[in-house]
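Worksheet: the structure to be examined is printed underneath.
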Amino acid sequence: MKKILLMLAMVVAAVFSIQAQCPDRPDPKMLKQIQEYKIKFLAQEMELKADQKEKFVELYQKLSDERHANFEKMRAYEATLKNNPSDADYKSASDAMADLRVKDAALEKEFDKEFAKFLTHKQIYLMKQGEEKFRRKMTDMHHKRKHSKGKHKADARNKTASAQGTDK
């Protein structure tokens, strides 16, 4: 478990450093690595048996791909609101985003039925809990990295200011 979390931390650090250079689009290779670590993390959280793991990885990847497609559609709607949008544009985007959330929930239910063919209900529940746990860990790492980065900049400014004060 600690090994997976350490590898996850390294991947997240790399993704966020790349994302800092190009905030609009993170590196697809890094996103793929994160997805692989997420699946390993979930498999461990769910205590999957070897015969379940292969089926899980294949089906979970399909679910992730469909969720990602919905996410990209949401981003596209958000992008339409950048250039002086009208009230009708906001309504259209809000309605479409709500529809995509409903579609995502239906997608989850549909895939739960497929997962139930080879997973226990407990494992499906643990998968959902694991997804949330993974998301929180990613968010926490991002906040810690952001906070740490800001602290380092402040420390550097303080050192520069004190050095300038002693040279006078």
Fill in: Between CZ on residue R136 and CE on residue M138, distance to nearest 0.5 Å
14.0 Å

Worksheet item: Given the rule in the salt bridge (charged side-chain N to carboxylate O under 4.0 Å, His left out) test, do D95 and K91 qualify, once you have shown the distances and angles that lead to the verdict?
Response: CA-CA 6 Å; D95 290 346; K91 181 180 179 349; 2.6 Å; yes

Name the atoms and distances for all side-chain donor-acceptor pairs under 3.5 Å in residues 97-110, with sequence neighbours left out.
residue	atom	partner	partner atom	Å
E108	OE2	K128	NZ	2.4

Worksheet item: Below 4.0 angstrom, N of the basic side chain to O of the carboxylate: do R135 and E132 qualify?
Response: yes

Response to the item:
Here the pair of heavy atoms bringing F56 nearest to F118 is N-CE1, 3.5 Å

Worksheet item: Do K32 and D27 come within less than 4.5 Å of each other through their side chains, counting heavy atoms only?
Response: no

Item to complete: Over all heavy atoms of both residues, which pair between L42 and G130 is shortest? Give the atoms and the distance, please.
Response: CD2-C, 3.4 Å

Practice prompt. Write down the atom of A93, the atom of L81, and the distance for their closest heavy-atom approach.
Written response: CB-CD1, 3.9 Å

Item to complete: Take I34 and F134 through the test side chain to side chain contact (heavy atoms under 4.5 Å, CB included) and record every step on the way to the result.
Response: CA-CA 10 Å; I34 288 175; F134 187 85; 4.0 Å; yes

Worksheet entry | Pairing residues for E114 by the salt bridge (charged side-chain N to carboxylate O under 4.0 Å, His left out) criterion, not counting sequence neighbours | K117

Discussion item. Could you measure the distance from the CG atom of D112 to the NE2 atom of H121? Nearest 0.5 Å is fine.
Written reply: 9.5 Å

Worksheet item: If you round to the nearest 0.5 Å, how far is CZ of R145 from NE2 of H142?
Response: 9.5 Å

Item to complete: Look at atom CG of D65 and say whether more than 12 heavy atoms of other residues, nucleotides or ligands are closer to it than 6.0 Å.
Response: yes

Item to complete: Check the pair L48 / L119 against side chain to side chain contact (heavy atoms under 4.5 Å, CB included), numbers first and verdict last.
Response: CA-CA 8 Å; L48 293 181; L119 297 176; 3.4 Å; yes

Worksheet item: Going by distance alone, is a donor N or O of one side chain under 3.5 Å from an acceptor N or O of the other, for N70 and E66?
Response: no

Worksheet item: If you count the non-hydrogen atoms of other residues, nucleotides and ligands that lie under 6.0 Å from CG in D51, is the total more than 12?
Response: yes

Item to complete: Determine yes or no for a side-chain-to-main-chain donor-acceptor pair under 3.5 angstrom, with Q52 supplying the side chain and K49 the backbone.
Response: yes

Worksheet item: What is the minimum heavy-atom distance between L59 and F111, and which atoms define it?
Response: CD1-CE2, 3.5 Å

Item to complete: Tell me, yes or no, whether the heavy-atom count around E47 atom CD, taken from other residues, nucleotides or ligands under 6.0 Å, exceeds 12.
Response: no

Practice prompt. Go through the steps for K133 and E45 under the test side chain to side chain contact (heavy atoms under 4.5 Å, CB included), then give the verdict.
Written response: CA-CA 10 Å; K133 194 174 182 181; E45 290 288 305; 3.2 Å; yes

Fill in: Chi angles and distances behind the side chain to side chain contact (heavy atoms under 4.5 Å, CB included) call for F115, Q123
CA-CA 9 Å; F115 282 122; Q123 287 173 315; over 6 Å; no

Worksheet item: Distance only, no hydrogens: is a donor on one side chain within 3.5 Å (strictly under) of an acceptor on the other, for Y60 and Q35?
Response: no

Worksheet item: Counting N and O atoms only, with roles assigned by atom type, does the side chain of S92 sit under 3.5 Å from a partner on the main chain of A88, one being a donor and the other an acceptor?
Response: no

